[in-house]
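Working notes for the structure below.
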Amino acid sequence: MRTFVITGGTDGIGKALARSYLERGDEVAIIGRNAEKGAAFLDTAARLGAGDRAHFVLADLSLIGETRKAIAEIRTKLSKVDALVLCARFFRSTRSVTAEGFESNFALCYLNRFVLSYEMTDLLDAADTPVILNIAGPGSDGEIRWHDLGFADGYDGSAALAQSGPLNDLLGVGFTANAASRRVNYVLFHPGLVSTGFAGEYDAEMSTRVEALRASGKPVEQAIVPILAVLDEPPREPLSAFVTGTPISLDGPGFDQAAAARLHTRTTHLLANAAANNDKRSNLNRQEY
Ligand SMILES: NC(=O)c1ccc[n+]([C@@H]2O[C@H](COP(=O)([O-])OP(=O)(O)OC[C@H]3O[C@@H](n4cnc5c(N)ncnc54)[C@H](OP(=O)(O)O)[C@@H]3O)[C@@H](O)[C@H]2O)c1
């Protein structure tokens, strides 16, 4: 029996993957911020006779603190993780900043994936052929705004979300280059256009565009077929990238080692500053009491 941890497992591609693995007899933990959807997942598992193999961990993954609490909870439930599948995302037409001070797209679609990738390696290392599958947009032409990663200046929701594609490409490159684990292979996967919930808060114009995307995307059941195939036999290379099941070259500028090292350094500083600010906040709170 394999063990899967799936973010964004309450809807769309993540939900369909979670159900498939429960049906196959695997153990599945999903992490999500919606308790009702979590309960529905556990009900479905019980109906499938898989109640003892299903776990729901409640967390807002746009917050680093909640992400770390979720990892701690996963540790109480699982002693190994065969596959960590990263699917959580949320679109915002209007810029929003998390309580920890990060722009929401950056926090949910990149920082969260960085923390989960690096801080669960021991659980992954305990599995036979561990893999991290980061479902984003490898090889896309989204740009990284190095001078303004959080789009403080001239926010554009589509560009902010698109930036998570190249950021996650560099996360994969950095994870492999840093030998965060010598056993965990990292897979970047672009599913193509899929008709899912497209979780988000949309203005009128974007709402119309999203309706059109939902109408033209392929069904989720079809989209997960190549994802299941990759997870059934994870590539042997430490890093690989796929677009709708077809491997793509890692030679392009989007997979540059120096850029990956630069992003890794920036990210670790951002996380360290966030932790220090958090400590300051808790000290202030303590003083108030
Ligand atoms: N669909 C496509 O056409 C497409 C194309 C390219 C890449 N992708 C990538 O594929 C992955 C899955 O996409 P999808 O279309 O299946 O997504 P989706 O249907 O929009 O579902 C997004 C999931 O993320 C969860 N989520 C949102 N904010 C969260 C938060 N703060 N904390 C925890 N969970 C949160 C949602 O939870 P709730 O259930 O609570 O809303 C939901 O389960 C994403 O990484 C996306 O970038 C998708």
Side-chain angles (χ1 to χ4, degrees), residues 5-20 29-41 56-71 84-92 96-100 102-113 115-117 132-142 157-158 160-169 171-172 187-202 206 209-224 226-227 230 241-245:
V5 173
I6 304 177
T7 71
T10 50
D11 218 324
I13 296 169
K15 180 181 177 183
L17 289 172
R19 186 182 172 119
S20 296
I30 65 166
I31 313 176
R33 62 186 170 153
N34 183 320
E36 268 177 38
K37 287 186 177 181
F41 166 73
F56 173 64
V57 174
L58 182 65
D60 177 348
L61 293 173
S62 65
L63 296 170
I64 303 309
E66 290 211 14
T67 300
R68 290 196 166 128
K69 274 193 203 144
I71 296 172
L84 169 63
V85 184
L86 303 169
C87 287
R89 68 108 175 245
F90 193 86
F91 181 91
R92 282 174 203 277
S96 123
V97 174
T98 68
E100 294 169 339
F102 295 110
E103 188 279 316
S104 297
N105 285 287
F106 182 73
L108 178 66
C109 300
Y110 169 66
L111 267 187
N112 158 262
R113 295 179 185 213
V115 170
L116 287 168
S117 297
I132 297 175
L133 184 82
N134 188 336
I135 305 190
S140 70
D141 50 10
S158 299
L161 186 63
Q163 178 179 248
S164 57
L167 289 175
N168 281 303
D169 288 352
L171 164 56
V187 181
L188 300 156
F189 198 100
H190 190 321
L193 181 59
V194 189
S195 182
T196 61
F198 284 90
E201 287 170 8
Y202 301 101
M206 199 58 205
R209 281 168 59 189
V210 166
E211 273 314 311
L213 291 175
R214 278 198 198 105
S216 54
K218 66 191 144 196
V220 179
E221 296 68 31
Q222 185 185 332
I224 65 169
I227 302 176
V230 164
F242 294 80
V243 174
T244 58

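When a ligand or atom number is given, it counts from 1 through the structure's own listing order.
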Taking any residue with a non-hydrogen atom under 4.0 angstrom from an atom of ligand 1, which ones do you get? G8, T10, D11, G12, I13, R33, N34, K37, A59, D60, L61, S62, C87, A88, R89, F90, L108, R113, I135, A136, H190, P191, G192, L193, V194, T196, G197, F198, A199

Given F41 and T10, is the side chain to side chain contact (heavy atoms under 4.5 Å, CB included) satisfied, shown in steps? CA-CA 7 Å; F41 166 73; T10 50; 5.9 Å; no

Which pairs count as side-chain hydrogen bond (donor to acceptor under 3.5 Å, both in side chains) when at least one residue sits in residues 32-41, sequence neighbours excluded? D11-K37

What pairs with S117 under side-chain hydrogen bond (donor to acceptor under 3.5 Å, both in side chains), at least two apart in sequence or on another chain? Y186

Kindly indicate whether the side chain of F91, heavy atoms from C-beta on, has any atom under 4.5 Å from the side chain of E201. no

Go through the structure and list residues passing side-chain hydrogen bond (donor to acceptor under 3.5 Å, both in side chains) with Q163, not counting sequence neighbours. none

Is E211 salt-bridged to R214, cutoff N-O under 4.0 Å? yes

